[in-house]
Colleague: 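The structure's right below; bear with me while I get my questions together.
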Amino acid sequence: MLNIEELLHNQISTAIKAVYNIKEVNSKMIQIQRTRKEFDGDFTVVVFPLLRLSKKRPEQTAEELGEYLKNYEHIENYNVIKGFLNLTITKQFWFNALQSIQKAENFGFTPPTADAPKIVIEYSSPNTNKPLHLGHIRNNLLGYSIAEILKAAGKNIVKVNLINDRGIHICKTMLAWEKWGDGKTPKDLNIKGDHYVGSLYVRFESEYKKEISKLIEEGNEKEFAQKNAPLMLQAQEMLRQWEAGNKETRQLWEMMNGWVYAGFDVTYKALGVNFDKVYYESNTYKKGRNVVLDSVAHRYNWLTQRADKSIWADLTSDRLDEKILLRSDGTSVYMTQDIGTAIERYKDFDFDEHIYVVGNEQDYHFKVLAIVLKRLGYDWAKRLNHLSYGMVELPQGKMKSREGKVVDADHLIEEMIETARKTSLELGKLDELSNDQANEVFRKVALGALKYFILRVDPKRKMLFNPEESIDFNGNTGPFIQYTYVRILSMLRKAENETNELSVEMFNLLNKSELGLIQQIYRFRETIAEAAENHSPATIANYVYELTKEYNQFYHDCPVLKEENADLRNFRIALSRTCAQTIKKATGLLGMEVPEKM
RNA sequence: GGAUCCAUAGCUCAGCUGGAUAGAGCAACAGCCUUCUAAGCUGUAGGUCCCAGGUUCGAAUCCUGGUGGAUUCACCA
């Protein structure tokens, strides 16, 4: 199906050439936009940029072009207001467009081909010492949704997760378990493994704090106390044991990581996200260190080893600071690990683009990562792309895990489901459903509300989350969209003898709300392209909200099943069905599910 | 102090990459269920698009300089 805006663009170009006797027209001069609601027409040509060619007043230029264009088969008529030429597209065009959409295999989606760009998306990337919280929810939903959107735009997608499963923080929780765990497993205590481990980490931190205070009371400096508290020394010893491959340490580590992964899996499943491949830092952290060590031998002038053996990258010529890559004791820092992981990834997938979905507090880190890799001679470093998103803040301010000021992901999901249950039961529309079916509806509505709430805002902006007020079920929300879908399905169930064949003769009957709805459905494909281009689920969220509003308008204005003209009735049923399918596909791009009843 | 990001209605957010009189939802107020699911629809009210310059026929949008907020610049991850 041809794109109407492209068709118009070409026609306008032809018109300018013909009317003003010009050979070439710069395509940037031709500006087409949707006509604003308060004016008549579907598309508007802004003629101001064309005045240089026409050498006439705006109104006259618009008038002359309109006269020429009205002979074009898809243009019904035109009107001119100031420097704006409003074009009305024929009803027949929109009618045919709807028919093509219905016939299309999977309208809006571009099937990926083998040679389409390959994009690796890393998201989630949790630490194994904390359960997932609200910030991770934004990360996971963004990562998953962007992957779906890029897939729909015809890209080959690999979703990967990188688990930070080594380092001093892991040793802290291991030590805590040895000291205070009493040999208990999550199963013994009947709690999720990630929550159990998270609580051990918190325990460590509070005991560690006590030791620090005590040392300071005994007259030590703060810094000395932090470095020499017995718990810290023991944790560091444990890290050395781990690095040395001590069997007992490794076993404990594997057991506790197993608890955490089991817990994460439950949360991931609840959120509906998944991965094609999971990387563990414990497998890749040495890689980066070797790369850095090898590179020092190359004698890059920006890479230097100091007297204490630590290795530094001097990035001041890129207007950044000096960055440490290897500590004086030879161990690697976060940056070093990411260097190794990136190289590994490139070997694994030979990607055209690599997207890191990581919060904006790491903007600097990813800027440095790309520069260092480029300087090390990896040309593909320019394909690394940091999708930086803003933090989720609470009314009290930033979330702080150490102070317990977090919104736990599992807890939040449970609460949302409970709210959805209450709301549903009050409305009492699910009486004929079994318990299991009803629970499925509650779950879909709850997660739909959460996902839509988070994804509708531009990723790069920070967002405010008020647990009491944020999750609404009315207005511009996930449930509003789901509800529109449910009403359509309910209607379609009642529609009997529906035919898929539409009478070709009836397009003149179409009214404004029907045309508006067709046009919004028609925009789905270009919206996917735009969302993919901008890596922005918010674009899809806004689109589907507009679509449902458009449908509600239509639903309000036009009887469907009660329409007496059979051609028109069939048309409206078909239009409703196509709209429902589009809602389902669009919400699917956000990771939302739509219930059949609610 | 340097760098990056943000600032739009009382609140939460859109604003199609420079176009017409800046839009939604929530909250407030007034209506619409004997009618395809009222988690819906219609209306009223609500704005110095942070400020000041600049570019342009035209700026919430681009540039410069301020102001306010967030993040970051660790031998933390």
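Order of the sequence lines fixes the chain letters, A, B, ..., with proteins taken first and strands second; residue numbering starts at 1 for each chain. Just so it is clear, the values below take in all heavy atoms, side chains as well, and ignore hydrogens, waters and symmetry mates. Owing to the predicted nature of the structure, the values given are computational and were not obtained by experimental measurement.
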Colleague: Please tell me which of the listed nucleotides, B/U37, B/C41, B/C36, lies nearest to the side chain of A/Val560?
Modeller: B/C36

Colleague: If you measure from the Lys or Arg side-chain nitrogens to the Asp or Glu carboxylate oxygens, is any gap between A/Arg34 and A/Glu5 under 4.0 Å?
Modeller: no

Colleague: On the six-membered ring of A/Tyr545, is A/Arg456 placed so that its NZ or CZ lies under 6.0 angstrom from the centre and within 45° of the ring axis?
Modeller: no

Colleague: Using side-chain contact (heavy atoms from CB on, under 4.5 Å) as the criterion, list what pairs up with A/Val197, not counting sequence neighbours.
Modeller: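 So A/Val197 forms a side-chain contact (heavy atoms from CB on, under 4.5 Å) with A/Thr173, A/Met256, A/Trp259, A/Val260.
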
Colleague: Could you tell me whether A/Ser576 contacts a base, only the sugar-phosphate backbone, or nothing, with contacts defined as non-hydrogen atoms closer than 4.0 Å?
Modeller: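 Here A/Ser576 touches no strand at all.
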
Colleague: Going by the rule side-chain contact (heavy atoms from CB on, under 4.5 Å), which residues pair with A/Lys222 if we only count those two or more places apart in sequence or in a different chain?
Modeller: A/Ile216, A/Gln226

Colleague: Which nucleotide in the set B/A14, B/U37, B/C5 lies at the smallest distance from any side-chain heavy atom of A/Arg487?
Modeller: B/U37

Colleague: Does A/Arg523 make a cation-pi contact with A/Tyr543 (under 6.0 Å, within 45 degrees of the axis)?
Modeller: no

Colleague: If you take any heavy atom closer than 4.0 Å to RNA chain B, which residues from residues 533-544 of chain A end up in contact?
Modeller: A/Asn534, A/Asn542

Colleague: Are there runs of at least three consecutive Watson-Crick or G-U pairs touching RNA chain B, with each pair's two distances under 3.5 angstrom? Give them by first number.
Modeller: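 Stems found: B:1-7 with B:67-73, B:10-13 with B:23-26, B:28-32 with B:40-44, B:50-54 with B:62-66.
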
Colleague: In residues 355-364 of chain A, which residues come under 4.0 Å of RNA chain B by heavy atom?
Modeller: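 Close to the strand are A/Asn360, A/Glu361, A/Gln362, A/Asp363, A/Tyr364.
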
Colleague: Applying a 4.0 Å non-hydrogen cut-off, can you work out what A/Leu464 is touching in the nucleic acid: base, sugar-phosphate, or nothing?
Modeller: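 Sugar-phosphate only.
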
Colleague: Which part of the nucleic acid does A/Met598 contact within heavy-atom distance under 4.0 Å: base, sugar-phosphate only, or nothing?
Modeller: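 Base contact.
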
Colleague: When you check every protein heavy atom under 4.0 Å of nucleotides 19-29 of chain B, what one-letter string (B, S, -) results, 5' to 3'?
Modeller: BBSSSSSS---

Colleague: Please confirm whether the shortest side-chain N or O distance from A/Arg327 to OP1 or OP2 of B/C76 is below 4.0 Å.
Modeller: yes

